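Some notes on the structure that comes next.
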Protein chains: 2
Amino acid sequence: MKRFDTNLSEKQIKKDILSAADKRFRTFGFKKTTMAEIAQDLGMSTSNLYRYFPSKVSIAEAFALHCFEEKEAGLQLLLEQPLVSAVDSLFVYAKGLLHYNFDQLNTYPAINDMIMALCETSSEIVDKKREGELSILKVILEKGQEEKCWVIEDLDETGLAIMASWVMFSTPTFMRHQTLEQLEKRLGNLLNLIITGLRVRD
Amino acid sequence: MKRFDTNLSEKQIKKDILSAADKRFRTFGFKKTTMAEIAQDLGMSTSNLYRYFPSKVSIAEAFALHCFEEKEAGLQLLLEQPLVSAVDSLFVYAKGLLHYNFDQLNTYPAINDMIMALCETSSEIVDKKREGELSILKVILEKGQEEKCWVIEDLDETGLAIMASWVMFSTPTFMRHQTLEQLEKRLGNLLNLIITGLRVRD
DNA sequence: ACTATGAATATTATGTTAAATATTCATAGT
DNA sequence: ACTATGAATATTTAACATAATATTCATAGT
């Protein structure tokens, strides 16, 4: 017998900790949830938390990664509906991302602040966020290649360029001053530009 | 006789105040320059500053607007060189803007922080910044129309969409984690995308 | 009546101590 | 040997007093 309650694997306990932290982070944010509270919610001692996570920020990081996975799963789901073309997928994806960011910002401002702060200090978090979003975008771009919607030389660079152009639609500072409708309209115009381009070809 | 030293008009005194504030803001930032210091630099009393500006932030705002004018003048100058096409102008403008932002961020970080803070509290500043940059972009887009480079239905909306796509290249948070070379490359890719578009037309 | 000032007041920053919290560790339970 | 804990320590935050600074105002100089 390794653990007092053998029903609980290490993996499960980590999940439980994450879940308890999640609830508190959502409501109170990072600073205002304490390790003592998380432990109390789980009926364990504070020091025991450190047997599963090396620090409070590491819990926050794991939580952030979990959020990214949830977000990406949600967007994947949107893209699984039968869509006419890769162009449609691109619109659905970009608007889905905007909606997610907008909702997150308004429903859980504390979470948003927390993740932004983590991004300032941990490049791993930034990378995971970017890579996750990029991999979905690349699937869409590849689909477009197959459908002969467009021809792309460098998928990664093109994907990164497109994501760079979406920064305004995922940055609180810029989102806060506009309604969702305004943001949607502007994003729509931008997507048309990206798809069609400015130049009239001959 | 209205003023003790009649050589100085109200306009000139405002300019002098702005110039004195400029020097201090550049070196020490907003918080670490005091009204007393600005007054002392000009040999006047602190309270007299309030006869020309209603508050310290109003001086900062006037200074910010002055910065915008200088920036725009510099960019105009870049565009006055004989350029082959509107496409070239667009590249020169976008890259000029990136260089300006990058230099500003590294040479005068205090100024940059200050203007960002002002943008958070004053929509007038945000508007002026946007309008100034947009008006130059619109000139380029119009030139492109005349040159039959492209056809644009709504100049304003197209201009705003393009500027939205440039947010990453003018936001410190995102610029700080990348070299100028990386930023230039990504901006180049984005501009090509905006000009050429993804879709292969028939 | 216009311009400017010094003193008075209100607001904001700074430094300092006490309290809260994160983290470690030696020890106990299984 | 693995799991968990309470007590001990280190770090961060909060509260408060103090000082610095912004702003106002009554008054004086031209």
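Quick caveat, the model's predicted, so the values are computed rather than measured. Chain letters run A, B, ... following the sequence lines, proteins first and then strands; every chain starts at 1.
- Here A:Ile13 contributes atom CD1 and A:Lys11 contributes atom NZ; the two are 13.5 Å apart, rounded to the nearest 0.5 Å.
- Between B:Lys138 and B:Glu142, none of the side-chain N atoms (NZ, or NE/NH1/NH2) sits under 4.0 Å from a carboxylate O, so this pair counts as no salt bridge.
- Taking 4.5 Å as the limit, some side-chain heavy atom of B:Leu98 sits within range of a side-chain heavy atom of B:Leu180.
- Counting to the nearest Å, the P atom of D:dT21 and the NZ atom of B:Lys56 are 9 Å from each other.
- Heavy atoms of A:Ser55 sit under 4.0 angstrom from primed sugar atoms or phosphate atoms, though from no base atom.
- Of all nucleotides present, only C:dA13 satisfies the Watson-Crick or G-U wobble test against D:dT18, with each distance under 3.5 Å.
- Summarising the geometry, the separation between OH on B:Tyr52 and P on D:dA22 is reported as 19 Å, rounded to the nearest angstrom.
- When the P atom of C:dA22 is taken as reference, atom CZ of A:Arg24 falls 11 Å away, rounded to whole Å.
- Under the 4.0 Å criterion applied to side-chain N and carboxylate O atoms, A:Lys95 and A:Glu184 are not assigned as salt-bridge partners.
- In this structure, A:Thr46 and B:Thr46 both approach DNA chain D, and ranking their closest nucleotides by distance from the 5' end singles out A:Thr46.
- A salt bridge links A:Glu133 with A:Lys129; the closest basic N to acidic carboxylate O contact falls under 4.0 Å.
- Distance, A:Gln40 CD to C:dA20 C1': 15 Å, rounded to whole Å.
- Of the candidate nucleotides C:dT23, D:dT3, D:dT23, D:dT3 has the atom nearest to the side chain of A:Arg51.
- Among B:Val57, B:Asp113, B:Ile111, the one residue that satisfies the side-chain contact (heavy atoms from CB on, under 4.5 Å) test with B:Phe30 is B:Val57.
- Salt bridge annotation for B:Lys185-A:Glu157: present, with a cationic side-chain nitrogen under 4.0 angstrom from a carboxylate oxygen.
- Ring geometry for A:Trp166 against A:Tyr93 counts as perpendicular: the plane angle is over 60°, on a 0 to 90° scale with 30° as the lower cut.
- Between the A:Ser135 side chain and the A:Gly132 main chain, a donor and an acceptor come within less than 3.5 Å of each other.
- Here the P atom of nucleotide C:dT3 and the CG atom of B:Leu49 are 15 Å apart, to the nearest Å.
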Collect all protein-nucleotide pairs involving nucleotides 6-9 of chain C in which both atoms are nitrogen or oxygen and the distance is under 3.5 Å.
residue, atom, partner, partner atom, Å
C:dG6, N7, B:Ser47, OG, 3.4
C:dG6, O6, B:Ser47, OG, 2.6

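- Shown here, D:dT27 forms a base pair with C:dA4; the pair counts as Watson-Crick or G-U wobble because both key distances fall under 3.5 Å.
- Residues from residues 28-35 of chain A with heavy atoms under 4.0 angstrom of DNA chain C, sorted by number: A:Thr33, A:Thr34, A:Met35.
- One atom, OH of A:Tyr50, and another, C1' of C:dT23, lie 5 Å apart when rounded to the nearest Å.
- One can place NZ of B:Lys11 at 16 Å from P of C:dT3, the figure rounded to the nearest angstrom.
- D:dT13 is paired with C:dA18 under the criterion used here, namely a Watson-Crick or G-U wobble arrangement in which both key atom distances are under 3.5 Å.
- Whole-Å rounding puts the B:Ile59 CD1 to D:dT23 P distance at 8 Å.
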